[in-house]
Amino acid sequence: MSETATVRPLRAAEVTEWDLTADVVVAGYGIAGACAAIEAARAGADVLILERTSGWGGAASQSGGFVYLGGGTPLQRALGFEDTPENMEKFLVAALGPGVDTAKIHDYCQGSLEHFDWLVEQGVPFKQEFWGEPGWEPPHDEGLMYSGGENAAPFNTIATPAPRGHLPQMQNKRTGQKGGGYMLMKPLSDTVESLGVRAEYDVRLQQLVVGDDGRVVGVVARRYGKPVLVRALRGVVLATGSFAYNQQMIENYAPRLIGRPGAAIEEHDGIGIRVAQSLGADLAHMDATEVAFFGDPQLLARGILVNGRGQRYIAEDTYGGRVGQATLIQQENQAYLIIDEQSLEQALTTETATPFFRQPPKWAAETVAELESDMGLPTGALQTTVEVYNRHAADGEDPLLGKKPEWAKPIGTPLAGFDLRGFTAGFTLGGLRTDLDSRVLHVSGEPIPGLFAAGRCTSGICAGGYVSGASLGDGSFYGRRAGIAAAADIPTKE
């Protein structure tokens, strides 16, 4: 593709005239870019945002809006939930591994309370209501929900469960349109504007501009086919999103997502990662992926999930992203939901924010043996699975996988089978390696002078696992750090 050939850095000595100049130049106007701009401007810097689309928002504005926060936020306390930064850290280290950046998780957890207060100060609203039912997100405007399997096996025995999915209050909620993500980005963009930050739209990042000393001093972008050279007197912040829609990078780093991108916007093409790589930037966890599972959590919790061999493989009442990862990565994307008629009818009476996931089952049968045969499973495989599950579920137990007693109920008859094979999609979690001040690190371990990054173009708090709210959480948290650090990075004059 043509852009690939332009990612090599341009030497500052080759620039004869700059089209735009600012102290801090931010590439990308999603949540990481907005938060970087706010903090840089408040630190006294003249800030310019370059956004490749025609408006602010990025993937954040199209998302569900969860921000993963904890440690005893005012919202948690108001709703009767106890939490500490240490408890939050214990959970995240277990849930987001293997290979997590423990220093970054510790930093994030310790700063979570302050970050919640900061978001509220920017005008982000959180309603003091808790949604405790299984679901992708609350169907109304409740502000708090379990969003990472904290109260499910195995994590409920590792750390004290506490809900940490903080969701901005929505007005006239429309999932996938103006939902929680929009309600998060709108006040942030208003704050950006109130601070006098300039924004240039339809400007696509192409290259970094580097001085003879190796310091990043600007960017080359393109608008309507014409080059735009932008000078950064203090620093450049990359906030350009993931590489979920760059086919070559997906094939190279995260091949399980080939053909199944789940990022909110197609502009996530990895350009921020590639321009930094051209300077020798280090990368981390490029194979890590969030994997959504397109099943109704109310149905999943009441039934059993089996793989292509008719065997259970995960507690059905856990976080959907964990189900998705297990299905795609460990079970070759093979999944079926087995549920009896009574439980199915109960599930369908509940409220949901995702009614489009409630499709009719593919198979229905009077006995497990009949269903097993209709599904083409090996004789006895599903019957054995159901028999073992029912034996323990009769006592409200699930010693095999740890489903909670409230959901561990025997599978009766008649029953149905849902074909959930291939019902996964996801986005990438890996990216540029950064330090706690959001400085991009060279493969040598040293910061690249003048270059900062935050959001999904970086490797944040997630490594192997994921929790809903981690992207908006660490994107906003380390976006702020990037803005502060960039504003303070005034080059010394010789």
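FYI, the numbering just counts along the sequence from 1. Heavy-atom basis, side chains included; hydrogens, waters and symmetry copies ignored.
Contact detail for Gly65 and Pro168: the closest heavy-atom pair is O-CD, 3.1 Å. Here the shortest heavy-atom pairing between Arg164 and Gln76 reads CG-NE2, 3.6 Å. For the pair Val197 and Ala41, the tightest heavy-atom approach, listed with the atom from each and the gap, is CG2-CB, 3.8 Å. Looking at every heavy atom in both residues, Ser438 comes nearest to Tyr478 through OG-O, 2.7 Å. Closest approach of Ala454 and Gly475 over heavy atoms only: CB-O, 4.2 Å. Here the shortest heavy-atom pairing between Phe130 and Leu144 reads CD1-O, 3.3 Å.
Without hydrogens or angle criteria, Asp317 side chain to Lys404 main chain gives a donor-acceptor distance under 3.5 Å. Here the side chain of Asp83 pairs no donor or acceptor atom with the backbone of Gly70 at under 3.5 angstrom. With hydrogens and angles disregarded, a donor-acceptor distance shorter than 3.5 Å links the side chain of Glu51 to the backbone of Tyr29. Side-chain atoms of Asp437 never come within 3.5 Å of backbone atoms of Arg439 as a donor-acceptor pair (strictly under, hydrogens ignored). Thr458 contributes a side-chain N or O that, together with a main-chain N or O of Gly455, makes up a donor-acceptor pair within less than 3.5 Å. Distance alone, capped at 3.5 Å, is enough to place a donor-acceptor pair between the Ser147 side chain and the Ser468 backbone. Looking at Thr53, its side chain does come within 3.5 Å of a backbone N or O of Gly55 through a donor-acceptor pair. Between the side chain of Ser112 and the backbone N or O of Tyr108 there is no donor-acceptor pair closer than 3.5 Å. No donor-acceptor pair under 3.5 Å is formed between the side chain of His285 and the backbone N or O of Ala463. Remark: the backbone N or O of Pro227 is not paired with any side-chain donor or acceptor of Gln206 at under 3.5 angstrom.
Remark: Asn333 engages Arg260, Thr327, Leu328, Thr424 in a side-chain contact (heavy atoms from CB on, under 4.5 Å) (not counting sequence neighbours). Evaluation of the salt bridge (Lys or Arg N to Asp or Glu O under 4.0 Å) rule for Asp107 yields Arg481 as partners, not counting sequence neighbours. The side-chain contact (heavy atoms from CB on, under 4.5 Å) test applied to Arg322 returns Pro154, Phe155, Ile314, Thr318, Tyr319, not counting sequence neighbours.
How far CD of Glu89 is from OG1 of Thr84: 9.5 Å, rounded to the nearest 0.5 Å. How far CD1 of Ile484 is from CD of Glu39: 4.0 Å, rounded to the nearest 0.5 Å. In this structure, CD1 on Ile258 lies 8.0 Å from CD1 on Ile250, to the nearest 0.5 angstrom. Note that NE2 of His115 is 15.0 Å distant from CD of Gln110, once rounded to the nearest 0.5 Å. Here the straight-line distance linking atom CD1 of Ile273 with atom OG1 of Thr240 works out to 7.0 Å at 0.5 Å rounding. For the atom pair CD (Glu200) and CD1 (Ile49), the distance works out to 11.0 Å, reported to the nearest 0.5 Å.
Taking the centre of each ring, His166 and Phe116 come in below the 6.0 Å mark.
By the 4.5 Å heavy-atom criterion applied to side chains, Leu50 and Leu205 are not counted as neighbours. Within the 4.5 Å cutoff, the side chain of Leu113 has heavy atoms near those of the Thr73 side chain. Looking only at side-chain heavy atoms (C-beta outward), Leu283 and Tyr253 come within less than 4.5 Å of each other. No side-chain heavy atom of Val203 sits under 4.5 Å from any side-chain heavy atom of Arg222. The shortest side-chain heavy-atom distance between Ile105 and Cys109 falls under the 4.5 Å cut-off. A heavy-atom distance below 4.5 Å is not found between the side chains of Arg204 and Val228. With a 4.5 Å cut-off on side-chain heavy atoms, Pro139 and Thr352 do not count as touching. In this structure the side chain of Phe293 reaches within 4.5 angstrom of the side chain of Leu300, judged on heavy atoms.
Counting non-hydrogen atoms of neighbouring residues, nucleotides and ligands closer than 6.0 angstrom, the CD atom of Glu193 reaches no more than 12 such neighbours. In the displayed structure, Lys127 atom NZ is contacted under 6.0 Å by more than 12 heavy atoms of other residues, nucleotides or ligands.
Salt bridge absent: Asp287 and Arg256 never bring a charged side-chain N and a carboxylate O closer than 4.0 Å. Contact check on Lys226 versus Asp19 returns no salt bridge, with no Lys/Arg side-chain nitrogen under 4.0 Å from an Asp/Glu carboxylate oxygen. The pair Asp23-Arg234 meets the salt-bridge criterion, with a side-chain N (NZ, NE, NH1 or NH2) lying under 4.0 Å from an Asp/Glu carboxylate O. Ionic pairing of Arg480 and Glu114 is present here: one or more N-O contacts between side-chain nitrogen and carboxylate oxygen are shorter than 4.0 angstrom.
Looking at Thr434 and Lys104, their side chains do bring a donor and an acceptor atom within 3.5 Å of each other. For the residue pair Tyr466 / Ser471, a side-chain donor-acceptor distance below 3.5 Å is found, with atom types taken as modelled.
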Open item on the list: The test is side-chain contact (heavy atoms from CB on, under 4.5 Å); show your working for Glu82 and Thr160 and say whether it passes.
Closed with: CA-CA 9 Å; Glu82 295 184 4; Thr160 302; over 6 Å; no
TODO: Please lay out, stage by stage, how Arg433 and Val443 fare under the test side-chain contact (heavy atoms from CB on, under 4.5 Å).
DONE: CA-CA 9 Å; Arg433 188 183 295 278; Val443 290; over 6 Å; no
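Note: Tyr68 and Phe91 have parallel aromatic rings, judged against thresholds of 30 and 60 degrees for the angle between ring planes. Aromatic ring pairs are classed by plane angle as parallel below 30°, tilted from 30° to 60° and perpendicular above 60°; the pair Phe294 and Trp136 is parallel.
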